[in-house]
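The block underneath contains the structure these notes are about, expressed in structure tokens.
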Amino acid sequence: MQGFGLLPFVEVKQDKKGLFSLKGNNGTLSQFFRILPSAMAKNYPFRSVEEKWQKIWSTKAAHKTPTLSGEDSAKKCYVLEMLPYPSGKIHMGHVRNYCIGDVLARFKKATGHKVLHPMGWDAFGMPAENAAMQNGTAPKTWTYQNIEAMKATLLALGVSYDWERELATCSEDYYGHEQQLFLEMYEKGLVYRNESWVNWDPVDNTVLANEQVIDGKGWRSGALVVRKKLPHWCLRITHYVEELLANLDTLGATHEKAGWPEKVLTMQRHWIGKSEGGLIQFGFSEDSADRLKDYKDPSLVVFSTRPETLFGASFCALAPTHPLIEFLAQADASLAQFVQKCHEAPTTESTLSVAEKQGYDTGIRVKNPVKPTETFPVYAANFVLMEYGTGAIFGCPAHDERDFDFAKKYHLPIVSVIRPENSAEAVLPYVETNGIMENSEFLTGLTVLEARKNVLDALEKKGDALRKTTYRLRDWSVSRQRYWGCPIPMIHCPKCGTQPVPKADLPVLLPEDVDFQKSGNPLDHHPTWKNVTCPQCGGEAHRETDTLDTFFESSWYFLRYCCPKATTPLDRDAVAQWMPVDLYIGGVEHAVLHLLYARFFNMVLCDLGYLEAREPFSVLLSQGMVCHTSFQDEKGQWVYPDDVESLANGRLVKKADQTPIRAMRAEKMSKSKKNIIDPERMMDTYGVDALRIFIMSDTPYEKDFDWNTDALEGSWRYLNKMWRLCEGVRDDYTFSEDLLAFSLKKTLTQEEAPLLLKTAHRYLKKITQALDQFAFHKALAFHRELTREIENNVGKEAHACDEAFLAEILHIWCEALAPFAPHFALEVYATLFEPKDACVELKWPVLREDLAYSETVTIAVQVNGKLRETFEIERDAEDAVLQTEGLKLEKIQKFIQGKKIKKIFIVRNKLLNIVVEDR
RNA sequence: GCCUGCUUGGUGGAAUUGGUAGACACAACAGACUUAAAAUCUGUCGAUUUUACGAUCGUGCCGGUUCAACUCCGGCAGCGGGCACCA
């Protein structure tokens with residue numbers, strides 16, 4: 001039957017199953033569509049498909065890590081996602097993280113890499129103890145219950161983890177080995193015990209991290225936090241500071257290779273905070289000698305990065321905890337009072353920074369080392385930190401804002417010693433370092449940098465200075481007065497002092513009969529656990545009751561994944577095979593602490609002989625947060641998105657009582673603001689693959705992601721549409737097993753290949769490139785375009801595209817989707833090509849590079865840089881041909897008529913710009 | 001305050017790294033199918049202007065380089081992130 005007149009050309013055909021379909025190729029009916037009984041227009045049955053493939057993966061051990069032989073080493077690929085804390089439920093942030101990791105792991109595996117893709121649990125930490133205090137569940141029970149629940153969700157998500165390598169950091173096996181590593185570090189001199197100031201909660205009897213101090217009060221007890229000196233176990237991360245800093249330069253991304261984001265490298269550089277300067281000695285003035293005759297040091301040592309400003313110095317300021325201040329306070333009650341006041345003030349660095357600058361004139365005076373006739377006062381000051389430099393500074397008010405404020409407050413002289421290069425006088429404080437020295441005797445007239453070198457040379461010669469580099473980074477205090485952590489394997493003996501636990505006695509196990517109702521560290525008031533005999537003298541001794549900071553566990557878990565069953569902490573060969581991690585994916589919130597500690601550990605373990613690669617993570621992908629609008633009711637209470645209803649007039653009300661709701665801006669999903677979407681509910685409603693596709697769509701991985709359930713539904717519709725497309729194909733075609741093999745073997749020229757095959761290869765190339773650049777959202781956009789091409793052409797071109805070619809096209813289409821939607825892709829693959837389900841994961845399609853470009857190109861024609869017309873021409877046409885063709889165009893003629901052509905610019909295969917005289 | 005990013009339709013975002021701005025989606029609107037709805041399919045969707053063909057403007061703002069600028073340079077504004085008495 002054929003149409004005529006205004007009716008489109010239509011062909012009605014009846015297929016094998018007796019269904020009718022219409023084919024048309026008119027503009028209004030360009031779509032191939034099918035008349036289907038409503039029962040046939042069914043959706044992708046995600047539940048059964050997911051269940052089926054997850055079962056197959058598990059029984060066939062599809063995600064087991066391959067063993068590597070020698071020649072495989074170039075093909076190894078270690079894909080790692082930051083291990084989660086088992087808080088109880090998988091949240092959307094996790095889903096995003098693990099989807100990125102899984103797409104990469106599956107893509108790498110499909111392209112022939114030998115992939116290690118493990119998962120585990122960062123299982124020690126406070127929430128488990130809080131749960132114990134609140135509901136009496138033992139931390140261990142609570143933690144393992146959570147692990148079980150979260151693991152079930154991850155399995156349901158279809159993430160390709162090798163679960164045989166799963167580890168929980170709270171297991172004896174893991175922390176026992178960790179204790180051994182701790183002892184080896186101790187033997188190497190990398191562990192020491194130190195007294196330092198901590199935030200102490202006097203009600204809970206525990207140390208608080210800075211983040212746990214809120215407005216100077218303990219976050220749990222509400223008690224006023226005090227500073228307390230406490231013995232701590234510390235790790236000498238500062239021994240590695242130069243390497244930690246220098247290697248950052250090698251980690252960045254280049255044209256040739258991916259690397260770490262520049263942002264993270266910058267943050268680590270700042271955290272390390274290297275500054276070069278000098279230690280400068282200030283002698284005490286003669287009139288102070290009397291008060292200082294019993295003081296241990298004959299002079300005051302100050303660290304400065306700006307020694308060239310010494311001629312403008314007018315005071316020294318010391319930390320309240322500086323030994324000189326402590327010494328003077330013994331004889332000066334009001335100084336002691338001032339020091340006391342400083343100690344009581346809120347103690348976090350952020351609250352310190354807003355506090356007013358306060359000083360106390362000690363009455364002591366020091367001599368200016370470059371001008372010994374001049375003396376100036378020594379203050380105790382609340383803004384000087386004992387932890388940085390020497391805990392003492394000299395102030396040059398003219399060239400430092402803080403010193404300027406201080407000098408004004410206490411009426412100290414302000415003398416300019418640097419003037420800007422181009423003007424006679426600076427607006428003070430002048431803090432720039434480009435300038436010329438003035439009022440500085442032998443330095444006057446020099447540039448700042450010359451003066452700095454000069455003055456240090458001069459002072460060093462006299463023995464009054466020593467060049468020195470200081471860092472912001474401090475040694476890592478790993479002690480926590482907590483129960484649910486790795487016990488520090490040390491013993492305190494009243495006779496022999498502190499002794500390491502003999503390695504044969506490891507692991508030091510956590511006791512399980514613990515009382516959480518008393519405040520303080522449960523290990524400390526356990527009746528028997530800490531009683532032990534001294535390994536040296538055999539006398540009565542007691543265990544260290546501090547446990548390790550949980551960052552300790554996360555600093556080496558990625559190494560243990562290489563050899564999870566090893567009887568030593570690490571198996572050198574296995575680690576050498578897999579390390580470094582090729583792709584590390586996680587949240588940017590770990591940019592500094594975790595990633596710095598892990599790098600440090602990696603270096604230490606190299607030096608302990610466990611591995612060779614000094615940097616653990618080659619490429620770091622830091623993903624953005626998952627955000628959602630948060631809602632508040634009239635009373636300012638947070639409301640779950642699920643409890644909010646949008647009325648026809650656009651207003652928002654509470655479902656329960658129809659009271660108005662206010663929508664706040666989108667921010668990171670968090671329990672406290674209730675702006676959370678439960679991944680499991682989304683998986684139940686739309687299926688896992690829809691969720692996986694959605695979370696990888698639209699937004700680049702590194703940016704924050706605004707949750708949008710409508711758009712998730714769009715991904716679900718996309719899967720249904722593809723599902724229907726496949727049903728149509730199945731009705732029309734049967735692909736024999738040798739068909740594809742035949743097609744792939746065949747070499748094809750541009751002329752032989754049907755258009756759709758060329759299109760498929762063009763998109764395959766784009767999708768592959770996008771994935772190589774981690775542009776997942778673009779890969780999916782291209783896949784949608786490919787789907788549309790297939791949809792628009794498969795019916796129409798049935799005779800022009802024989803079955804072998806179509807088989808190849810559909811292979812590309814299905815395999816390119818597999819990393820994103822593995823269940824769907826496998827099911828489609830199985831129903832089209834592989835009815836026996838023999839295939840448990842798909843290979844990446846083979847690209848026919850020579851077909852991946854079309855033989856014609858569109859040339860844009862511009863006149864004076866403005867687009868006026870386009871035309872089609874065969875690829876790689878000569879410039880002269882392009883020019884003639886372009887100038888021939890009617891529209892172009894209109895624009896250049898009667899004007900003189902000045903110049904013509906030609907970009908091969910792209911564009912033609914005709915520059916004419918403009919009148 | 002210092003250091004960093006970022007700024008493109010109603011929204012998320014593309015743009016082969018200087019060469020056709022708005023791919024692909026979400027939302028919205030219109031139409032087809034349907035008794036109706038849902039689903040599905042089709043179309044429209046930066047602004048101004050034009051009956052129409054089209055034209056002009058348009059990538060936070062101002063200026064520059066260039067045949068050609070979202071892209072490069074200089075200045076400004078806004079938003080986000082990191083660090084914050086660091087001597």
Side-chain angles (χ1 to χ4, degrees), chain A residues 28-31 33 36 38 41-43 261-271 273-275 277 280 302-307 309 316-317 319 349-350 352-357 381-385 387-396 400-403 405-406 431 470-472 588-589 591-592 624-625 694 697-700 702-706 708-715 717-718 720-721 724 766 769 775 777-785 787-788 858-870 891 902-907 909-916:
Chain A
T28 59
L29 192 63
S30 63
Q31 193 69 22
F33 57 88
L36 292 168
S38 58
K42 65 180 180 196
N43 288 335
E262 217 37 60
K263 182 184 171 181
V264 174
L265 297 176
T266 309
M267 281 164 70
Q268 291 218 350
R269 279 191 196 102
H270 285 197
W271 192 264
K274 177 176 180 172
S275 53
I280 300 163
V302 156
F303 175 73
S304 174
T305 55
R306 305 281 313 265
T309 62
C316 275
E349 289 188 344
S350 56
L352 269 179
S353 68
V354 262
E356 202 193 338
K357 290 165 189 49
N382 62 345
F383 62 87
V384 181
L385 305 172
E387 292 85 355
Y388 188 79
T390 61
I393 63 162
F394 79 78
C396 175
D400 182 285
E401 250 167 88
R402 193 196 45 206
D403 296 348
D405 293 345
F406 193 80
V431 298
T470 329
Y471 303 89
R472 208 190 82 99
V588 74
E589 65 270 22
V592 176
M625 300 181 294
F694 167 61
S697 304
D698 294 350
T699 305
E702 75 274 14
K703 290 188 68 171
D704 286 353
F705 180 100
D706 271 333
N708 176 354
T709 305
D710 281 334
L712 166 60
E713 200 169 309
S715 300
R717 282 199 302 263
Y718 180 50
N720 289 332
K721 178 183 166 147
R724 286 193 300 272
K766 286 175 134 183
Q769 272 172 354
H777 64 304
K778 284 196 250 172
L780 283 168
F782 295 141
H783 193 270
R784 279 177 183 265
E785 288 184 44
T787 302
R788 184 184 300 184
T858 310
I859 304 295
V861 188
Q862 302 179 330
V863 178
N864 286 354
K866 271 187 188 160
L867 178 75
R868 295 302 178 184
E869 183 64 299
T870 59
K891 245 190 186 161
K902 287 207 294 200
K903 197 164 168 107
I904 295 181
F905 290 86
I906 295 171
V907 183
N909 293 331
K910 233 170 233 170
L911 159 143
L912 184 67
N913 187 11
I914 304 158
V915 184
V916 297

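Each chain gets a letter, A, B and so on, in the order its sequence line appears, and its residues count up from 1. In this text, all values refer to a predicted model and were calculated from it rather than measured experimentally.
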Looking at His783(A), Arg784(A), Glu713(A), which one forms a side-chain hydrogen bond (donor to acceptor under 3.5 Å, both in side chains) with Tyr718(A)?
->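 The single option meeting the side-chain hydrogen bond (donor to acceptor under 3.5 Å, both in side chains) with Tyr718(A) is His783(A).
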
Looking across every strand, which nucleic acid part, if any, lies under 4.0 Å from [X] by heavy atom: base, sugar-phosphate, or nothing?
| X | answer |
| --- | --- |
| Val384(A) | base |
| Val915(A) | sugar-phosphate |
| Gly714(A) | sugar-phosphate |
| Arg402(A) | base |
| Thr858(A) | base |
| Asp698(A) | base |
| Lys766(A) | nothing |
| Arg269(A) | nothing |
| Asn708(A) | sugar-phosphate |
| Ser697(A) | nothing |

Return no unless some side-chain N or O of His777(A) is found under 4.0 Å from OP1 or OP2 of C24(B).
->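 False: His777(A) side-chain N/O out of range (4.0 Å or more) of C24(B) OP1/OP2.
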
Phosphate OP1/OP2 of G13(B): any Lys703(A) side-chain N/O under 4.0 Å =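 Affirmative; the distance criterion is met.
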
Taking side chain as C-beta onward, heavy atoms only, is Met267(A) less than 4.5 Å from Lys263(A)?
->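 Yes. Closest side-chain heavy atoms under 4.5 Å.
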
Taking the side chain as every heavy atom from C-beta outward, state whether Ile393(A) and Asp403(A) have any atom pair closer than 4.5 Å.
->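 Contact flag for Ile393(A)/Asp403(A) side chains = yes.
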
Rounded to whole Å, how long is the line connecting atom [atom1] of [X] with atom [atom2] of [N]?
| X | N | atom1 | atom2 | result |
| --- | --- | --- | --- | --- |
| Lys910(A) | A68(B) | NZ | P | 18 Å |
| Asn913(A) | G19(B) | CG | P | 13 Å |
| Leu385(A) | C83(B) | CG | C1' | 14 Å |
| Arg788(A) | G43(B) | CZ | P | 8 Å |

What's the shortest heavy-atom distance between Ala317(A) and Phe383(A), and which atoms?
->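 The answer is CB-CZ, 4.5 Å.
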
Closest heavy-atom contact between Arg868(A) and Lys891(A)?
->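 Scanning both residues, the minimum pair turns out to be O-CD, 3.5 Å.
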
Could you write out each protein N or O paired with an N or O of nucleotides 55-59 of chain B at a distance under 3.5 Å?
{"unit_1": "U56(B)", "atom_1": "OP1", "unit_2": "Arg868(A)", "atom_2": "NH2", "d": "3.3"}
{"unit_1": "U56(B)", "atom_1": "OP2", "unit_2": "Arg868(A)", "atom_2": "NH1", "d": "3.0"}
{"unit_1": "C57(B)", "atom_1": "OP2", "unit_2": "Lys866(A)", "atom_2": "NZ", "d": "3.2"}

C67(B) pyrimidine/purine six-ring stacking with Phe905(A), under 5.5 Å and 30° |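 The ring of Phe905(A) is stacked on C67(B).
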
Verify, without hydrogens or angle tests, whether Asp704(A) (side chain) and Met625(A) (backbone) share a donor-acceptor contact under 3.5 angstrom.
->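 A pair under 3.5 Å: yes.
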
Asp400(A) side chain vs Gly395(A) backbone, donor-acceptor pair below 3.5 Å =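 Not a single qualifying donor-acceptor pair exists.
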
[N] and [M]: how far apart are their [atom1] atoms, nearest whole angstrom?
| N | M | atom1 | value |
| --- | --- | --- | --- |
| A14(B) | C24(B) | C1' | 7 Å |
| U71(B) | G18(B) | P | 11 Å |
| G60(B) | G9(B) | C1' | 15 Å |

Treat a base pair as Watson-Crick or G-U wobble with both distances under 3.5 Å, then lay out RNA chain B in dot-bracket form, 5' to 3', with | for cross-strand pairs.
-> (((((((..(((......[....))).(((((.......))))).((((....))))..(((((..]....))))))))))))....

For Gln862(A) and for His270(A), locate the closest nucleotide of RNA chain B by heavy-atom distance; then report the residue assigned to the nucleotide nearer the 5' terminus.
->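 With Gln862(A) and His270(A) compared, the 5'-side residue is His270(A).
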
Would you mind telling me which residue lines up with the more 5' stretch of RNA chain B, Thr266(A) or Ala392(A), judged by nearest nucleotide?
->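 Per heavy-atom nearest nucleotide, the more 5' residue is Thr266(A).
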
